[in-house]
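Here the structure is laid out as structure tokens; the discussion comes afterwards.
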Amino acid sequence: MPAKSASIHSIELDLFIEAMTRRHGYDFSNYARASLKRRVAGLAQKLGFASVAELLPRLLYDGDLLPEILAGLSVPVTKMFRDPMVFKAMVETLLPMLATYPRLNIWQAGCATGEEVYSLAILLEEAGLLHKAQIYATDINDAALAKAEEGIFPAKMVEEHADNYLHAGGTRTLASHFSLGYGFAKVSGAIKDHISFAHHNLVSDGVFCEVNLVVCRNVLIYFDRHLQDRVLGLFETSLSRGGFLCLGSKENIAFSAAAPHFTPVNAALRLYKKSGGTS
Amino acid sequence: MSDRWRHPAIKAIAIGCSAGGLDVLHVILPLLPADFALPVVVVAHIGPSAENLIVGALRRDCLLPVVEAEERMTVTPGTIHVAPPDYHLLVEADHTFSLSVDSKVNNSRPSIDVFLASAADAWGSGLAAVLLTGANCDGVGGMAAVKAADGFCIVQDPATAYAPIMPQSAIDAGIADRVLTPEGIAALIVSFHSSSHKGAVA
Ligand SMILES: C[S@@+](CC[C@H](N)C(=O)[O-])C[C@H]1O[C@@H](n2cnc3c(N)ncnc32)[C@H](O)[C@@H]1O
């Protein structure tokens with residue numbers, strides 16, 4: 001029986017995943033397949049190919065295409081202070097517990113274009129903790145990382161998120177953390193100095209330092225349970241004793257193999273503490 | 001209506017709606033009996049809010065359990081699953097849900113097209129998709145995907161719709177197997193359940 005178009009698309013996706021893994025070392029086989037399929041199809045279309053199959057030769061023979069492929073696959077949709085109550089809880093509940101440490105290492109995994117990590121850093125600054133903080137913000141999308149590192153956003157973004165900033169517990173004005181001009185807003189150097197942006201692949205890279213807080217929001221939803229378990233294990237290993245984990249508002253840790261290693265601090269807001277004991 | 005539909009068994013019901021949708025859901029879903037054995041998934045356009053207002057509203061009137069769809073949750077028979085606000089909902093081949101925060105599609109998140117395309121892959125001819133009232137064209141592409149996968153397409157009669165554009169666009173695209181009133185849709189969905197009782201379902 002000849003294959004139906006749905007299964008042809010499925011074969012194309014398998015070939016794409018195989019090519020990405022073997023040619024470029026990026027393994028997408030444990031991504032949630034339905035949304036990956038959408039993104040791969042969208043990518044082929046955006047690059048002007050009639051099908052995913054037509055994209056394959058370029059993927060195999062044109063090494064320069066990789067950044068564009070990664071940028072198209074990991075659509076960096078983000079915003080400042082998404083779910084302001086989560087930020088408020090981080091500041092009001094987690095930071096006081098961390099305030100006694102002489103140094104504060106924070107890892108934000110899947111930082112996209114930086115809006116979220118800057119939101120966090122702004123609140124840390126206002127809480128008087130940024131001076132002893134080192135934030136590592138990582139992603140696999142180099143184009144997004146470059147934008148994040150630049151820290152330049154449309155001025156209207158600052159206006160649009162002023163309310164969320166206040167809901168998140170901001171005590172000044174959001175604009176006070178930017179220098180404004182020409183329709184653009186640049187994150188102040190005082191904030192940027194404490195953030196290092198780096199390429200890190202949650203699929204294949206390991207622990208790179210010990211941290212007190214891991215923030216990884218709306219990244220695990222793109223992974224299947226196997227990869228979620230791996231990544232949560234990576235976070236568990238990276239966290240110091242009593243360190244905290246903050247996940248996206250719709251991300252579930254309950255079914256994960258890593259669940260026993262984390263105790264909810266605020267389950268509804270997806271804030272967890274690494275359980276004591278073994279490490 | 002054409003009677004090309006000769007499927008042995010419908011395995012899942014997907015319902016998409018936009019403007020005016022909650023009222024129609026309130027007509028259809030309470031008519032599903034407590035022993036209704038198929039999974040139902042609702043994707044409705046609602047503004048971003050921390051709380052899922054549709055879940056609360058439907059829970060009061062429905063005989064079936066109503067839950068918000070969660071990532072990695074297995075689609076459950078006899079349960080009404082509702083897409084969370086501000087996330088796209090998808091279903092995987094193993095019938096677990098996925099979420100995404102990818103850009104809006106048809107200016108919507110959740111998008112009915114996004115869900116139906118994945119559901120067409122996951123259930124193929126076992127899917128019955130229902131498109132209700134709405135003021136934009138989200139859902140039409142998804143219904144076409146359902147149709148292409150040999151699923152069954154039910155569209156609300158635009159004359160009964162608060163916003164006829166969405167159902168009318170599906171009809172104009174020639175992909176409606178049935179065009180029915182909300183009560184008619186409920187009766188048809190209930191009949192899927194009875195026929196699935198007769199044919200032994202795994
Ligand atoms: C939807 S964005 C989330 C951005 C931000 N955390 C938020 O919630 O607003 C998901 C990000 O995860 C990144 N990502 C996807 N796969 C990754 C991987 N294997 N390792 C690291 N980052 C990844 C993407 O590049 C993208 O920037």
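Residue numbers begin at 1 in each chain, while the letters A, B, ... track the order of the sequences. Basis for what follows: all heavy atoms, side chains included, without hydrogens, waters or symmetry-related copies.
Heavy atoms only, all atoms of each residue included: B/Glu70 and A/Asn252 are closest at OE1-ND2, 2.8 Å. Taking both residues in full, the closest heavy atoms of A/Ala32 and B/Glu92 are given as CB-OE2, 3.4 Å, listed atom of the first, atom of the second, then distance. Between B/Tyr87 and A/Ile221, the shortest heavy-atom contact is CE2-CD1, 4.1 Å. The minimum heavy-atom distance between A/Leu220 and B/Glu71, with the atom names listed, is O-OE1, 4.1 Å.
Neither the backbone nor the side chain of A/Arg217 comes within less than 4.5 Å of any heavy atom in chain B. Using a 4.5 Å cut-off between heavy atoms, A/Gln228 touches chain B through its side chain atoms alone. If you measure heavy-atom distances from A/Ser10 to chain B, you find no contacts under 4.5 Å at all. Residue contact with chain A, scored on non-hydrogen atoms closer than 4.5 Å, involves the side chain of B/Ser98 exclusively. Heavy atoms of A/Phe223 lying under 4.5 Å from chain B belong exclusively to its backbone.
Within a 6.0 Å radius of CD in A/Gln45, no more than 12 heavy atoms belonging to other residues, nucleotides or ligands are found. At most 12 heavy atoms of other shown residues, nucleotides or ligands fall within 6.0 angstrom of atom NE2 in A/His167. In the displayed structure, A/His226 atom NE2 is contacted under 6.0 Å by at most 12 heavy atoms of other residues, nucleotides or ligands. The local environment of OH in B/Tyr162 is sparse, with at most 12 non-hydrogen atoms from other residues, nucleotides or ligands closer than 6.0 Å.
A salt bridge links B/Asp102 with A/Arg39: the closest approach of a Lys/Arg side-chain nitrogen to an acidic carboxylate oxygen falls below 4.0 angstrom. Between B/Asp121 and A/Arg33, no side-chain nitrogen of the basic residue sits less than 4.0 Å from a carboxylate oxygen of the acidic one, so the salt-bridge criterion is not met.
When the candidates B/Val91, B/Thr96, B/Asp86, B/Val114 are compared by the number of heavy-atom contacts under 4.5 Å with chain A, B/Val114 comes out ahead. Of all the listed residues (B/Leu90, B/Leu99, B/Val101), the one sharing the greatest number of non-hydrogen pairs under 4.5 Å with chain A is B/Val101.
Here the CZ-OG distance, from A/Arg38 to B/Ser111, works out to 6.0 Å after rounding to the nearest 0.5 Å.
Judged by distance alone, the side chain of A/Arg225 and the main-chain N or O of B/Arg72 form a donor-acceptor pair under 3.5 Å.
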